[in-house]
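Below: one structure, written as structure tokens.
What you see is a predicted model, and the numbers here were worked out from it, not measured in a lab. Residues take their numbers from the sequence shown, with the count starting at 1.
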Amino acid sequence: MKNVVKPDQVIMNILSGLLIVLWVYAAGSKLMVVHTFEHQLSLQHLPEGLVPVLTWALPIIELMAAGLLIVPATIKVGFFLSAVLLVGFSSYITLVLAGFFKDTPCSCGGILSQLGWTEHLIFNFIFLIFSLLGFSLWRKEVSGE
């Protein structure tokens with residue numbers, strides 16, 4: 001009997017692939033210029049003691065999300081962690097756009113640092129949808145629907 005690839009599985013693989021690229025790129029761009037990233041974080045409205053922790057925790061968590069999305073047994077957790085990260089980042093951007101913070105620089109690396117806050121929020125929402133859709137497709141596959 002032939003192995004039949006289900007369309008939902010293909011879509012789930014594409015979504016996880018896009019998220020893997022996002023997280024590896026985001027973490028890599030932070031780690032390649034870690035001192036710059038730490039300085040940018042220090043300009044944010046964060047408690048001072050949190051900056052050194054976030055400097056390393058954010059890229060490590062982003063790489064963990066990518067790793068979880070690679071392994072079929074942990075893909076559900078990878079989609080969930082991706083959604084949590086994107087909700088967190090999007091919430092911060094929403095506060096910036098609402099004027100809660102003044103003169104807030106973007107601590108994102110690479111190409112994402114070239115986006116304005118509104119464009120970055122839209123970008124995040126697109127990837128949040130990818131995360132939620134991937135999680136939903138995983139649940140559908142597991143439940144056998």
Looking only at heavy atoms, what is the nearest atom pair of Leu63 and Ala27, with distance?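 Looking at all heavy atoms of both residues, the closest pair is CG-CB, 3.6 Å.
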Heavy-atom pair with the smallest gap, counting every atom of Val51 and Glu38: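 Val51 and Glu38 have their closest heavy atoms at CG1-O, 3.7 Å.
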What distance do [X] atom [atom1] and [Y] atom [atom2] have between them, rounded to the nearest 0.5 Å?
X      : Y     : atom1 : atom2 : value
Leu133 : Ile11 : CG    : CD1   : 7.0 Å
Ser82  : Glu62 : OG    : CD    : 10.0 Å
Ser91  : Leu95 : OG    : CG    : 7.0 Å

Flag yes if [X] and [Y] sit in one hydrophobic cluster, no otherwise; membership is Ile, Leu, Val, Met, Phe, Trp, Tyr, and two members link when side-chain heavy atoms are under 4.5 Å apart.
X      : Y      : result
Leu54  : Val34  : yes
Phe100 : Leu50  : yes
Leu22  : Met32  : no
Phe89  : Ile60  : yes
Ile14  : Phe135 : yes

Please name all residues satisfying side-chain hydrogen bond (donor to acceptor under 3.5 Å, both in side chains) with Gln9, sequence neighbours left out, ordered by chain then number.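 Per chain and number, Gln9 pairs via side-chain hydrogen bond (donor to acceptor under 3.5 Å, both in side chains) with Asn13.
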Treating Ser42 as the side-chain partner and His39 as the backbone partner, does any N or O pair qualify as donor plus acceptor under 3.5 Å?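 Yes; at least one donor-acceptor contact below 3.5 Å.
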Contacts under 3.5 angstrom, residues 67-81 side chains, donor-acceptor by atom type, not counting sequence neighbours:
from	atom 1	to	atom 2	distance (Å)
Thr74	OG1	Leu68	O	2.8
Thr74	OG1	Val71	O	3.2

Take Trp138 and Asp8 through the side-chain contact (heavy atoms from CB on, under 4.5 Å) test and state the conclusion after the steps. CA-CA 8 Å; Trp138 177 87; Asp8 286 352; over 6 Å; no
Show every donor-acceptor pair shorter than 3.5 Å between a side-chain atom in residues 125-132 and any protein atom, with sequence neighbours excluded, or say none if there are none.
from	atom 1	to	atom 2	distance (Å)
Ser131	OG	Phe127	O	3.0

side-chain contact (heavy atoms from CB on, under 4.5 Å) between Asn124 and Tyr92, worked out: CA-CA 11 Å; Asn124 282 8; Tyr92 183 77; over 6 Å; no
